[in-house]
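Reckoned from all heavy atoms, side chains included, excluding hydrogens, waters and symmetry mates. Lettering of chains follows the sequences in order, A, B, ..., and the numbering in each one begins at 1. Just so it is clear, the model here is predicted, and its values are computed rather than measured.
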Number of protein chains: 2
Amino acid sequence: MAIPPAVNRPVRTIERAIEIMEYLKENDTATVSEMTDHLDCAKSTTHRYMKTLAANSLLVEDGNEYQLGIRFLDYGEVARNKYRLYDEAKPRVDELAEETEEKIWCAVEEHGRSVHIYGAQGKHSVQTYARVGHRNYLHQHAAGKAILAHLPDSQITETIDRHGLPGRTPQTITDRDELWEEIETIRDRGYAFNFQESVEGLHAVGAPITDENDVAIGAISVSGPASRLEGPFLRDELPTLLLGVVNEIGINMAHP
Amino acid sequence: MAIPPAVNRPVRTIERAIEIMEYLKENDTATVSEMTDHLDCAKSTTHRYMKTLAANSLLVEDGNEYQLGIRFLDYGEVARNKYRLYDEAKPRVDELAEETEEKIWCAVEEHGRSVHIYGAQGKHSVQTYARVGHRNYLHQHAAGKAILAHLPDSQITETIDRHGLPGRTPQTITDRDELWEEIETIRDRGYAFNFQESVEGLHAVGAPITDENDVAIGAISVSGPASRLEGPFLRDELPTLLLGVVNEIGINMAHP
DNA sequence: CTCCTGATTCAAGCTACTCGAACAAAACAC
DNA sequence: GTGTTTTGTTCGAGTAGCTTGAATCAGGAG
């Protein structure tokens, strides 16, 4: 897992095709000309790329505009179902959302980053940038920090070396030493907090789902406005609730 | 929409990369050697392809085995959220699943095929090959036929020409004339049935969601075992329920 | 009407993708 | 233990095919 992705001689054609997908993910829609400005090649090349992708349903063209095709849903769903965690976690995440009335996420680690594999919203839950499939830096949010703290030290170092510690809000931990301290704290108490470290005004708690060796295979988090998630509710009640859930999931994962 | 994907000179490199993804979708996991047998090129080439894809998190390697990365979830989710239909349909699909206790699907048309963009299961719903993101021939299932019947004739012809009418069960309609008759029937009554045409022992009803010009933008279906979905329940009750829902969605779509 | 902007096609040139051979590492047979 | 087989991986050379820029076509605006 988390192998450095240094390829000897990557295929540039593939990399550029991915750049197109990535650009469309960020910008929803683009024309050949617009994409040409973004890539570094001739317009005819971009045109050929996009037509090829569209012919295979990865892109959909609507007039001169291209966007991502829902064929990706298929690949995404297959990838997600690889994780047994998804099946185990989904019902509990739904329950948690109902109980807490806040936003619940289940995340896993892949390539040193976190991916939200499932989310459920409670009555009052807030909408943030996050969505299913969203890739995130581990150090920037509660679930990610919970995972990070429950990885072997070597893998933590590797992850930091590889991705650095980019900030997101003024509260994000961007200092290595500070992060290691935080990791110690998280290891001691068994769960992680996020005080406006990913989004201003947003608090969260995250607890790891671990295997028999106490290594994280994922995490669950509750997040909501700082005004609601505070005091004993945030400090005691939610963590207790979360720990119960992740323990249960962990046990179910260990004994299929 | 539904433009023939004939590209003048497709980029073979991209096409082969997609073949790798497709193979992994079908077979869950593969090694370089296994993939080489499948593709028609040197092992070193396959190796370079897969390493490049893995370096970009589209593939994940676990030892010598590769599988699809959950990065696709991200792309898939973005693509799905393009469809306003998804937001409108999701809550009603959930309700229908609760009410009927059967499996409900919401599908859209893309490139002459259908894609399940959302599904919900009721208490008794059966598991079939279908899953979110699944691409299907329009003529093989209830939702697809409902969509097909509510497309312009020219587009229907185009679709049949492009994809043919492959069978799936002995009941699948594989004859053009027969399909056109069926389309007329569906147009008259406003919804479509599926009598074991996609899966043996499975019945379904599908109704189209149409825009102001009565052109389909998607469809909703209820499916379940032939033993439960029969008689007046299948013939009258379910269609009435479905029509109510799709009308409501259609109106909401037209008046945002 | 002309002008402009965008998509699309095409021949020619040369980049970089493909190949096969060679190496390394692991699994296996005996 | 050694030899054998199977796997992933690297690298130089050759040429397939990708890239390019110019030319053409399509649509809108003034």
All heavy atoms of B/G190 vs all of B/P208, minimum pair found to be O-CD, 3.3 Å
Find the distance A/R9:CZ to C/dA16:C1' and express it as a whole number of Å. 9 Å
Nearest whole Å is fine: how far is C/dT8 C1' from A/Y49 OH? 18 Å
Ring centers of B/H141, B/H116 separated by less than 6.0 Å: yes
Report yes or no: does B/H139 contribute a side-chain atom to a donor-acceptor pair with the main-chain N or O of B/P166 at less than 3.5 Å? yes
Taking CG from A/D40 and C1' from C/dA16, how many angstroms apart are they, rounded to a whole number? 16 Å
Nearest-angstrom distance from the residue atom CD of A/E15 to C1' of D/dC18: 16 Å
Taken to the nearest whole Å, CG/B/L59 to C1'/D/dG8 is 16 Å
Kindly say if A/T45 contacts the phosphate of D/dC18, meaning a side-chain N or O under 4.0 Å from OP1 or OP2. no
Interatomic distance where CE belongs to A/M50 and P belongs to C/dA7 [whole Å]: 9 Å
Among C/dG6, C/dT18, C/dC10, the one nearest any side-chain atom of A/S44 is C/dC10
CE of A/M253 to CG of A/L85: how many Å apart, nearest 0.5 Å? 5.0 Å
Aromatic rings B/Y75 and A/F72: how do their planes relate, parallel, tilted or perpendicular, breaks at 30° and 60°? tilted
In whole Å, what is the span from the NZ atom of A/K43 to the P atom of C/dT8? 10 Å
For the side chain of B/R48, counting heavy atoms from C-beta on, which of D/dG21, C/dC17, D/dT9 is nearest? C/dC17
Quick check on DNA chain C: between A/H47 and A/T13, whose nearest nucleotide comes earlier from the 5' end? A/H47
Need one value for A/R12: base, sugar-phosphate or nothing, where a base atom within 4.0 Å counts as base even if backbone is also close, heavy atoms only. sugar-phosphate
Which of these passes salt bridge (Lys or Arg N to Asp or Glu O under 4.0 Å) with A/K145: A/E109, A/E182, A/E184, A/E178? A/E182
Distance, rounded to the nearest Å, where B/N64 contributes CG and C/dA25 contributes P: 14 Å
Please step through salt bridge (Lys or Arg N to Asp or Glu O under 4.0 Å) for the pair B/R16 and B/E19, ending with a clear verdict. CA-CA 5 Å; B/R16 250 176 300 180; B/E19 253 180 83; over 6 Å; no
Name every residue in residues 23-39 of chain A that has at least one heavy atom under 4.0 Å from any atom of DNA chain C, in order of residue number, or write none if there are no such residues. A/T31, A/V32, A/S33
